[in-house]
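Report on the following structure.
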Amino acid sequence: MTESFLHYLWQFQYFDKKGLVTTTGEPITILNQGILNTDAGPDFSQVKIKIGAIDWAGSVEIHIQSSGWYEHKHHEDAAYENVVLHVVWEENKPVQRKDGTRLPTLELKDRADKILQKSYQKLVTNTAVIPCQSVFENVNAVTRHSMIDKAAMIRLEEKSKQVLKLLEANQGDWEETVYQLLALGFGFKVNKDPFLQLAKALPYKLIRKHRAKVEQVEALLFGQAGFLMAKTKDEYLAQLYNEFEFLTKKYNLTQNQLHPSQWKFLRLRPANFPSLRIAQFAALLSIKENIFSTLLEIENYRDLESLFRVQTSPYWKQHYRFSKPVSGAVPELGTDSREVLLINTVIPILIAYGQSRDDWSYVDRAVQFLQQIPAEKNKITRTWQQLNCVATNAFETQGLIELYNNFCQRRACLNCTIGSARLKPVV
């Protein structure tokens with residue numbers, strides 16, 4: 001037995017309500033089971049019930065055993081003082097309120113349908129990657145698509161929370177926050193941590209002061225990243241070193257300088273080398289004075305996508321890393337990389353900004369952009385394709401990724417309309 005199953009029983013009232021009574025024999029009438037609470041506090045809010053002759057309005061808290069009330073310290077938490085009914089699988093210990101009165105308790109172990117229990121256990125304990133994969137295609141298409149859309153919005157919401165968290169750390173400075181987030185994005189999976197550390201060590205206001213000369217932006221970024229050397233035969237490297245030496249003394253930058261060992265090159269394709277990514281990042285920062293304001297002004301997806309078609313300085317058209325020229329031309333930031341940056345960085349920024357300003361036009365715009373980006377191709381999306389669930393755009397793939405990671409893998413089938421649709425209660 002799990003609490004999520006009890007939440008499911010209570011939310012959809014999938015239990016025998018004939019002669020419903022508390023564990024002390026008081027009759028119960030459920031007028032409104034309330035709303036599931038996904039934040040801190042009791043499990044269901046806005047509950048309306050009648051116990052005996054008295055109507056109650058408040059919250060419901062759910063545990064497998066009633067002793068969970070004390071194990072979770074609810075008796076010490078003022079947020080639980082408005083609980084009007086304790087719903088449990090089994091009452092193994094009476095619960096008392098602070099005033100000494102007994103908390104009304106409803107026991108469900110003899111009221112839940114046995115077939116429903118078995119169906120649930122079968123669903124969440126099977127070894128399939130997608131718990132409901134054997135019956136997935138039998139679920140109504142509208143149910144499937146609505147859950148994928150819901151999962152996508154959950155994922156976007158979580159990403160926007162990370163944006164707002166960083167914004168708070170930057171004391172509400174959107175330009176600085178977006179600069180750091182873009183740095184994080186240019187690090188992709190392997191070098192995201194040193195990229196973010198680099199951005200935090202090199203304030204955006206300094207970048208903006210020297211934006212007009214991409215060589216100076218590169219000098220700041222490469223120097224603070226720890227890539228510049230004093231002795232070298234590479235003329236461009238020497239130029240950047242001299243430039244950084246001057247800027248270092250001017251802005252006192254050496255304290256937060258990174259070490260070259262923090263950057264990972266091993267097993268990366270040359271196009272993903274952090275040296276080239278820094279050069280591409282420098283090119284992007286040199287395009288506009290205020291990158292965040294620029295992102296807010298863009299309403300057309302083509303304009304947004306073209307913003308990230310950055311042209312690096314001439315040196316980086318023949319180098320993936322310093323002092324090692326290549327015979328062919330170094331490609332620009334690739335389509336896949338641009339789309340990853342848009343999906344994981346730009347879209348969450350727009351959503352977070354819209355939420356912070358209570359202006360949902362930015363959220364709508366972000367979703368529209370996401371729907372214009374081609375479907376992502378990865379291990380998770382290929383898993384869904386095996387079930388004939390083929391996404392047509394990045395909004396859908398974001399939903400499928402969220403569904404896989406935080407519903408299927410966690411066996412949270414009862415929180416998923418696709419999984420719960422396969423359960424057939426008998427009540």
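Everything numeric in this text was worked out from a predicted model, so none of it was measured.
- Looking at L221 and L198, their side chains come closer than 4.5 Å, going by heavy atoms from C-beta outward.
- Not one N or O on the side chain of Q46 forms a donor-acceptor pair closer than 3.5 Å with the backbone of I35.
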side-chain contact (heavy atoms from CB on, under 4.5 Å) between T335 and E339: does it pass, once the steps are laid out? CA-CA 6 Å; T335 300; E339 290 171 355; 3.4 Å; yes

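- The side chain to side chain contact (heavy atoms under 4.5 Å, CB included) with K159 is formed by just one residue from the set I351, I343, I347, I349; it is I343.
- Close placement of the W316 and F322 rings is indicated, their centers lying within 6.0 Å of each other.
- Remark: W263 engages F195, F227 in a ring pair (Phe, Tyr, Trp, His ring centres under 6.0 Å) (not counting sequence neighbours).
- Applying the side-chain hydrogen bond (donor to acceptor under 3.5 Å, both in side chains) criterion to N138, with sequence neighbours excluded, gives no partner residue.
- Put simply, the side chain of N290 never gets that close to the backbone of F292: no donor and acceptor are under 3.5 Å apart.
- A distance of 6.0 Å or more separates the ring centres of Y80 and H72.
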Kindly determine whether L307 and L284 satisfy side-chain contact (heavy atoms from CB on, under 4.5 Å), including the steps that lead there. CA-CA 8 Å; L307 179 67; L284 176 66; 4.2 Å; yes

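- The two residues H86 and S66 come nearest to each other via the heavy atoms CE1-O, 3.5 Å.
- Among residues at least two apart or in separate chains, there is no salt bridge (charged side-chain N to carboxylate O under 4.0 Å, His left out) pair with a member in residues 269-288.
- Within the 6.0 Å centre-distance limit, the rings of Y8 and Y14 are counted as a close aromatic pair.
- By the 4.5 Å heavy-atom criterion applied to side chains, F44 and H7 are counted as neighbours.
- Contact detail for V310 and Q280: the closest heavy-atom pair is CG2-O, 3.9 Å.
- Contact check for V163 versus W174: side-chain heavy atoms found under the 4.5 Å cut-off.
- Minimum heavy-atom separation, L400 to I380: O-CG2, 4.0 Å.
- Between T232 and D234, the side chains place no donor N or O within less than 3.5 Å of an acceptor N or O (distance only, hydrogens not considered).
- Considering all non-hydrogen atoms of both residues, R97 and V84 come closest at NH2-O, 4.4 Å.
- Separating the CG atom in L6 from the CD atom in Q11 is a distance of 12.5 Å, to the nearest 0.5 Å.
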Apply side-chain contact (heavy atoms from CB on, under 4.5 Å) to residues Y251 and L202 and explain how you reach the verdict. CA-CA 10 Å; Y251 299 120; L202 190 63; over 6 Å; no

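- Side chain of S323 to backbone of R321: no donor-acceptor contact under 3.5 angstrom is found.
- Looking at N82, its side chain never comes within 3.5 Å of a backbone N or O of G58 through a donor-acceptor pair.
- By the neighbour-count criterion of 12 heavy atoms within 6.0 Å, atom CD of E168 is sparsely surrounded, having that number or fewer from other residues, nucleotides or ligands.
- A salt bridge does not link E71 with K93: none of the charged nitrogens is closer than 4.0 Å to a carboxylate oxygen.
- Closest approach of I418 and C132 over heavy atoms only: CG2-SG, 3.9 Å.
- Here the side chain of N37 pairs a donor or acceptor atom with the backbone of A40 at under 3.5 angstrom.
- Sequence neighbours left out, not one pair with a member in residues 180-203 passes salt bridge (charged side-chain N to carboxylate O under 4.0 Å, His left out).
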One pair to check against salt bridge (charged side-chain N to carboxylate O under 4.0 Å, His left out): E332 and R338. What are the steps and the verdict? CA-CA 10 Å; E332 64 178 19; R338 293 197 302 272; 3.7 Å; yes

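- Under the 4.5 Å side-chain criterion, counting only non-hydrogen atoms from C-beta, I207 is in contact with Y179.
- Going from atom OG of S361 over to atom CZ of R365 covers 6.0 Å, rounded to the nearest 0.5 Å.
- At a threshold of 4.5 Å between non-hydrogen side-chain atoms, the residues E90 and I64 do not count as touching.
- With rounding to the nearest 0.5 Å, the separation of CD in E218 from OG in S313 is 3.5 Å.
- Side-chain contact check for P274 versus K264: every heavy-atom pair is 4.5 Å or farther apart.
- Considering NE2 of H210 and NZ of K205, their distance stands at 11.5 Å, rounded to 0.5 Å.
- Rounded to the nearest 0.5 Å, atoms OG1 (T383) and CG (N378) are 8.5 Å apart.
- Electrostatic pairing of E158 and K161 counts as a salt bridge here, judged by a charged N lying under 4.0 Å from a carboxylate O.
- The two residues P348 and T345 make their nearest non-hydrogen contact at CD-O, 3.3 Å.
- Residue pairs meeting the salt bridge (charged side-chain N to carboxylate O under 4.0 Å, His left out) criterion with at least one partner in residues 392-416, sequence neighbours excluded, are R155-E402.
- Within the structure, every pair that satisfies the ring-ring contact (aromatic ring centres under 6.0 Å, His included) test and touches residues 377-412, not counting sequence neighbours, is listed here: F136-W384.
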Begin from the C-alpha positions of L116 and L9 and carry the test side-chain contact (heavy atoms from CB on, under 4.5 Å) through to its verdict. CA-CA 10 Å; L116 179 60; L9 293 180; 3.7 Å; yes

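- Taking the six-membered ring where tryptophan is involved, the planes of H319 and Y315 are essentially parallel, since the angle between them stays under 30° and well short of 60°.
- Between the side chain of E61 and the backbone N or O of D43 there is at least one donor-acceptor pair closer than 3.5 Å.
- A heavy-atom distance below 4.5 Å is found between the side chains of P131 and C408.
- Atom NZ of K317 has more than 12 neighbouring heavy atoms from other residues, nucleotides or ligands inside a 6.0 Å radius.
- Using a 30° and 60° split on the angle between ring planes, Y353 and Y362 fall in the perpendicular class, above 60°.
- Looking only at distances, no side-chain donor or acceptor of Q398 sits under 3.5 Å from a matching main-chain atom of E376.
- The main-chain N or O of L253 is found under 3.5 Å from a side-chain atom of Q224 such that the two form a donor-acceptor pair.
- Side-chain atoms of N170 and T177 form a donor-acceptor pair, as typed in the model, at a separation below 3.5 Å.
- Of the possible donor and acceptor atoms, none in the side chain of S45 sits under 3.5 Å from a partner among the backbone N and O of S59.
- One distance of note links CG of L403 with CZ of R144; it measures 11.5 Å at 0.5 Å rounding.
- Ring to ring, H63 and H74 are close: their centroids are under 6.0 angstrom apart.
- Distance alone, capped at 3.5 Å, is enough to place a donor-acceptor pair between the E176 side chain and the Y204 backbone.
- A 4.5 Å side-chain heavy-atom check between L164 and S356 finds at least one atom pair inside the cut-off.
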